[in-house]
Amino acid sequence: MEPGFKKYIPFKQIELKNREWPSKVITKAPIWCSVDLRDGNQALVDPMNMKEKLEYFKVLCDLGFKEIEVGFPSASQTEYDICRELIEGNHIPDDVWIQVLVQARPHLIKKTFEAIRGAKNVIIHFYNSTSTVQRKVVFRMDKPGIVNIAVEGAKLIRQLTEEQCEPGQNIRFEYSPESFSGTETDFAIEICEAVLDQLGATKENPVVLNLPNTVEMCTANTFADQVEYFIKNIKGRERAIISVHPHNDRGTGVACAELALLAGADRIEGTLFGNGERTGNLDIVTTGLNMYTQGVDPQLDFSNLPKLRDMFERCTKMHIGERHPYSGELVFTAFSGSHQDAINKGLQFAEESHAKYWEIPYLPIDPADVGRQYEPIIRINSQSGKGGAAFILHHKFGFIVPKEMQAEIGTIVKDKCDELGREIKDEELYELFDKNYISVEQKYKLIKHRFVEHSDEGENKVEFTGIISCDGRQYNVESVGNGPIDAFFNAIKKLEIANYKFVSYHEHALATGSDSKAVAYITLEDNVTGEKIFGVGIENNINFASVKGVLCAINRAVKN
Ligand code: KIV
Ligand code: ZN
């Protein structure tokens, strides 16, 4: 064998003139078929037990799946029993079709018919391998031999359906040329046409032709070419529902499914979160939500992904990666400062402009649409900027910190992260904010105070009187100003702490309701150094909150 990469044969492109799929768009949901309980289950270290499969089946029905492959009932007693329990235990809603997989082999087909007794809606899915490599190394059979397996299987299935189909029972057929993408497309067409003929497929009773990308071997555009070529060349396309069944060996299962839809496929088989053999099956959650974010209703309900993920992880004992599209723990989290800032601004803009459409930088989907919350969107580590801390303080704790203060808070947070060498939690952020701006050591303390408002011929004046303590001494202060802050500021000018200029003031209520508190953010400037000093005051009364804010700023300044 050749060494290294030289031992691999590049995939041969297929001849498709005037391909149409590149200029198409996805405008509607396909028919979805979940193969979680078969392809997904067979790939688990510990396959699901009866209880888990029943729970999983119910969840699939609740999500909106109308076609669910429940197993391979002729393969083992366990698989047979689950099929029987679903039917006999009345677990299958009237509008749901169960699908059962079987190889095109007579004894297995017969056993499958026993397994589906009493089921209202059944898709019998049979398959045989058709790829060049399987024909060469596994079956050592020529093309007519392979066609014969499929046709004989189809013949027996049709015969057993005619003999055994019960009144009120609906049976449909699905055929898969397994490893379709590794099969010469003309040969796949030939075998599928023979199967359609044998099953008596018509426009009124179409047969599902499922084209598995059993092992991904080429780029998604080539798979799309294969599908478009197949659809354009098969005789009697109208008597078939074209389905695709991508796997994910090259990590492009979703791309293959999407391009196959552009190429004309009607139906998609896959699993939740892409569980399945090797690198998995197509991830239906990602594919569906990709449609959702393009304004297309996927017809599946993914509004509570955390709950779905819990069920999935519990039943399959698999883990969904932190970066898994839409469902991973970290996918709505921005660590980078500039991203945090942009998200923050985007959300603010959307709120202010009553936006009709979702246009938030770095968030392709509204986390709320999949049952996620805003809280974990932004997490704080040493990469984060001022926007992240401001976002958490606002959305989690209700503090709308003014822009001019954000940079200082950002630096305090960054330093703390560097010191700890890790991300800080929201509560730790609040503690930092509290320590630095609220529970500040009070060298100067307001012991007593009174504001009196005067209005004289339209001119408003506020008179402030109070006692301020400093290092065990008390000072009586009083003055008048055109507002409470001005009055207080004039009053303290008489103390030796008068080295500051008032710069700006912001305030808002901290919570709604009659007992809500007010918060005031004060910016002062040191008369000598020009340095900005910030303070925060929280009180029931907004005048008092601002006075506390001014004192807080001064106390912070004298401490430094
Ligand atoms: O991946 C595959 O080819 C399959 C078939 C049995 C449909 O799972
Ligand atoms: Zn498969």
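Order of appearance sets the numbers: ligands from 1, and atoms from 1 within every ligand. Just so it is clear, the values below take in all heavy atoms, side chains as well, and ignore hydrogens, waters and symmetry mates. In this chain, numbering begins with 1 at the start of the sequence shown.
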**Asked** Which one of P246, S243, P177, S181 satisfies the side chain to side chain contact (heavy atoms under 4.5 Å, CB included) criterion with P212?
**Response**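 By the side chain to side chain contact (heavy atoms under 4.5 Å, CB included) criterion, P212 pairs with just one of P246, S243, P177, S181: P177.
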**Message:** Just to verify, which of Y175, F72, F173 counts as forming a ring-ring contact (aromatic ring centres under 6.0 Å, His included) with F126?
**Reply:**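 Of all the options given, the one that passes is Y175.
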When you measure from the side chain of [X] to the backbone N and O of [Y], does any donor-acceptor pair fall under 3.5 Å?
{"X": "R19", "Y": "P22", "result": "no"}
{"X": "T222", "Y": "C218", "result": "no"}
{"X": "T316", "Y": "M318", "result": "yes"}

**Asked** Which angle, to 10 degrees, forms at the Zn ion (ligand 2) with NE2 of H245 on one side and OD2 of D39 on the other?
**Response**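 Output for this angle: 90°, rounded to tens.
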**Asked** Does the shortest distance from the Zn ion (ligand 2) to an N/O/S atom of E269 fall below 2.8 Å?
**Response**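 Of the N, O and S atoms in E269, none lies under 2.8 Å from the Zn ion (ligand 2), which means no.
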**Request:** Answer side chain, backbone, both or neither: which part of E277 comes under 4.0 Å from ligand 1, heavy atoms only.
**Result:**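 For E277, there is no contact with ligand 1 at all, from either part.
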**Which segment of R38 sits under 4.0 Å of ligand 1 when only heavy atoms are counted** =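 Answer for R38: side chain.
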**Asked** Honestly, is R172 close enough over W97, meaning NZ or CZ under 6.0 Å from the six-membered ring centre and within 45° of the axis?
**Response**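 So R172 does make the cation-pi contact.
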What atoms in ligand 1 come closer than 4.0 Å to a heavy atom of [X]?
{"X": "H247", "answer": "1 (O)"}
{"X": "D39", "answer": "8 (O)"}
{"X": "P212", "answer": "2 (C), 3 (O)"}

**Item:** Over 12 non-hydrogen atoms of neighbours within 6.0 angstrom of CD in E15
**Value:**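 For E15, atom CD is not crowded (no more than 12 foreign heavy atoms under 6.0 Å).
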**Heavy-atom nearest neighbour in the protein, as seen from atom 4 (C) of ligand 1, with distance rounded to 0.1 Å** =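 Checked against all protein heavy atoms, atom 4 (C) of ligand 1 sits closest to H245 NE2, 3.5 Å.
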**Message:** With a 4.0 Å cut-off on heavy atoms, is E269 in contact with ligand 1?
**Reply:**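 Heavy atoms of E269 never come under 4.0 Å of ligand 1.
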**Prompt:** N/O to N/O below 3.5 Å, does that happen between T214 and ligand 1?
**Reply:**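 So ligand 1 has an N or O lying under 3.5 Å from an N or O of T214.
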